[in-house]
Amino acid sequence: MPELPEVETMVRGLESKINEGEIERVEVIDQKLLRNTDQRKFQQTMTGNKIRDISRKGKYLLLDLKKGGVLAIHPRMTGRFVVNSYPAETDYARLKIILGDEGTLVFDDMRRFGTLDLLPDEDSGPLKKLGLDPLSPDYKEENLARVLQSRSEIKRILLDQKKIAGIGNIYASEILFRATISPWKKGSDLEKGKIKKLFKAIPEVLQEAIEKEGTTISDFRNPEGDSGNFQLSLRVYGKEGEECPRCSGEVQKAKQGGRGTYFCPSCQGVKEEK
DNA sequence: AGTATAACCTGTCTGC
DNA sequence: TGCAGACAGGTTATAC
């Protein structure tokens with residue numbers, strides 16, 4: 001579920017609710033969550049520690065621990081954080097971090113795809129494989145142009161976290177619509193002008209979605225339990241059969257890499273029936 | 001090298 | 001109403 005804007009919304013929500021309180025204890029409800037981490041070591045590291053900082057890298061949410069170490073949590077499809085929840089709000093709790101006075105931080109994840117890694121720092125483990133962050137100072141047109149040098153279809157490149165970190169299936173379609181590029185165009189076939197449009201469209205779409213506090217199709221909630229609002233601004237994702245907001249053509253849906261891709265054939269220059 | 005498919009899970013929706 | 005099958009915001013392994 002969560003892509004970059006949703007994870008960023010989660011980070012901001014947690015920042016406003018979590019101070020630097022001491023972790024009393026942690027409850028691991030779903031053992032599978034710790035598949036990459038030793039249970040004992042996890043308990044020892046967490047107990048008595050403090051959350052110094054909350055941040056994001058790609059789609060990972062990072063809890064920086066005061067006594068060293070970083071918890072890197074990837075929410076995958078249905079992972080989310082809830083603070084001081086009522087039991088009904090966390091039917092699928094996999095981990096509870098009990099912070100005493102500040103309450104309890106719950107990681108809730110219906111489909112149980114989410115992952116947790118206890119890492120020495122923010123440049124190790126799965127984090128070091130992440131590509132360009134579209135909202136970081138490293139995001140420059142020349143860097144984007146470099147990762148686009150591939151025979152892969154552009155939508156696949158946008159979804160490849162090793163190339164660009166944070167874009168998922170909703171925003172990939174929205175970005176390509178905004179940049180008027182066919183999802184099936186090969187990266188290395190993109191003209192200079194299209195690269196420029198794409199370079200602009202990526203952070204614009206993501207930033208607007210952050211301002212609307214993410215997209216809620218069905219599951220996504222911020223740590224207070226609220227839905228996002230960007231679903232009201234989607235222009236092609238989930239709009240199959242509707243009129244294109246730009247050219248009055250018809251939005252279509254097709255499969256690409258086993259996933260739904262939404263596009264306007266006439267303004268994005270998609271020729272064949274996909 | 002690039003693409004397709006299945007797998008990991010649980011829930012929801014659609015069509016017969 | 002029931003039930004099988006498809007599908008869902010993500011990622012990874014394996015097979016052409």
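The shown structure was predicted, so the numbers you read here are calculated from the model rather than taken from an experiment. Lettering follows sequence order; numbering is per chain, from 1. These numbers come from the heavy atoms of this one structure, side chains and all, not from hydrogens, waters or symmetry mates.
Distance CZ (R76(A)) to P (dA7(B)): 17 Å, rounded to an integer number of Å. Between the CG atom of L4(A) and the C1' atom of dG9(C) there is a distance of 13 Å, given to the nearest Å. One can place CZ of R35(A) at 11 Å from C1' of dA7(B), the figure rounded to the nearest angstrom. For the pair R80(A) CZ and dT10(B) P, the computed distance is 16 Å after rounding to whole Å. Between the NZ atom of K255(A) and the C1' atom of dT3(B) there is a distance of 15 Å, rounded to whole Å. If you take CZ of R94(A) and C1' of dC8(B), they are 11 Å apart, rounded to a whole angstrom. If you take CG of D189(A) and C1' of dG2(B), they are 14 Å apart, rounded to a whole angstrom. Here dC8(B) presents its P atom at 19 Å from CD of Q31(A), a figure rounded to the nearest Å.
With D64(A) contributing its side chain and S55(A) its backbone, the two residues share no donor-acceptor pair below 3.5 Å. Remark: the backbone N or O of I167(A) is paired with a side-chain donor or acceptor of K59(A) at under 3.5 angstrom. A donor-acceptor distance shorter than 3.5 angstrom exists from the side chain of R94(A) to the backbone of G114(A), with no hydrogens or angles considered.
Taking 4.0 angstrom as the limit, K155(A) places none of its side-chain polar atoms (N or O) nearer than this to OP1 or OP2 of dG2(B). Proximity of S152(A) to the phosphate of dT3(B): a side-chain N or O atom is located under 4.0 Å from OP1 or OP2. Checking the phosphate oxygens (OP1, OP2) of dA4(B), no side-chain nitrogen or oxygen of R259(A) falls inside 4.0 Å. Residue R156(A) places at least one side-chain N or O under 4.0 Å from the OP1 or OP2 atom of dA4(B). For Y92(A), a side-chain nitrogen or oxygen approaches OP1 or OP2 of dG11(B) to under 4.0 Å. Contact annotation: Q161(A) does not reach the phosphate of dG10(C) (side-chain N/O to OP1 or OP2, under 4.0 Å). Between H74(A) and dG10(C), a side-chain N or O to OP1/OP2 separation shorter than 4.0 Å is absent.
When heavy atoms are screened at a 4.0 angstrom cut-off, K186(A) is found touching the sugar-phosphate backbone but no base atom. Residue contacts for S173(A): at a heavy-atom cut-off of 4.0 Å it reaches no nucleic acid atom on any strand shown. Contact annotation for T215(A): base contact, defined as any heavy-atom pair under 4.0 Å involving a base atom. Within the 4.0 angstrom heavy-atom criterion, no nucleotide atom of any strand lies near D109(A). Among the atoms of the strands shown, none is found under 4.0 Å from any heavy atom of K129(A). When heavy atoms are screened at a 4.0 angstrom cut-off, Y171(A) is found touching no nucleic acid atom at all. Nucleic acid contact for E6(A): none, since no nucleic acid atom lies under 4.0 Å from a heavy atom of the residue.
Side chain of K59(A), nearest nucleotide from dT11(C), dA8(C), dC9(B): dT11(C). Considering only the side chain of R112(A), dT10(B) comes nearest among dA8(C), dC8(B), dT10(B). When the nucleotides dC8(B), dG9(C), dG2(B) are ranked by their closest atom to the side chain of S150(A), dG2(B) comes out on top. Of the candidates dT10(B), dC8(B), dG9(C), dT10(B) carries the atom nearest the M110(A) side chain, counting heavy atoms from C-beta on.
Ring planes of F81(A) and F107(A): tilted class, angle from 30 to 60°. Relative ring orientation between W184(A) and F263(A) is described as perpendicular, the plane-to-plane angle rising above 60° on a 0-90° scale split at 30° and 60°.
Across the P atoms, dA1(B) and dG10(C) are found 25 Å apart, a figure rounded to whole Å. Taking atom C1' in both dA6(B) and dG5(C), the straight-line distance is 16 Å, to the nearest Å.
Here the closest heavy-atom approach between residue P265(A) and residue E250(A) is recorded as CD-O, 3.2 Å. When every heavy atom of F199(A) is checked against every heavy atom of L144(A), the shortest pair comes out as CA-CD2, 3.6 Å.
A donor-acceptor pair shorter than 3.5 Å can be found between the side chains of Y171(A) and E6(A).
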Secondary structure of DNA chain C per the Watson-Crick/G-U criterion (both distances under 3.5 Å; [ ] crossing, | other strand, . unpaired) is .|||||||.|||||||

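For R111(A) against dC9(B), a side-chain-to-base donor-acceptor contact under 3.5 Å is present. Between the side chain of S218(A) and the base of dG9(C), at least one donor-acceptor pair of N or O atoms lies under 3.5 Å.
If you take CG on D117(A) and CG on L62(A), they are separated by 10.5 Å, rounding to the nearest 0.5 Å.
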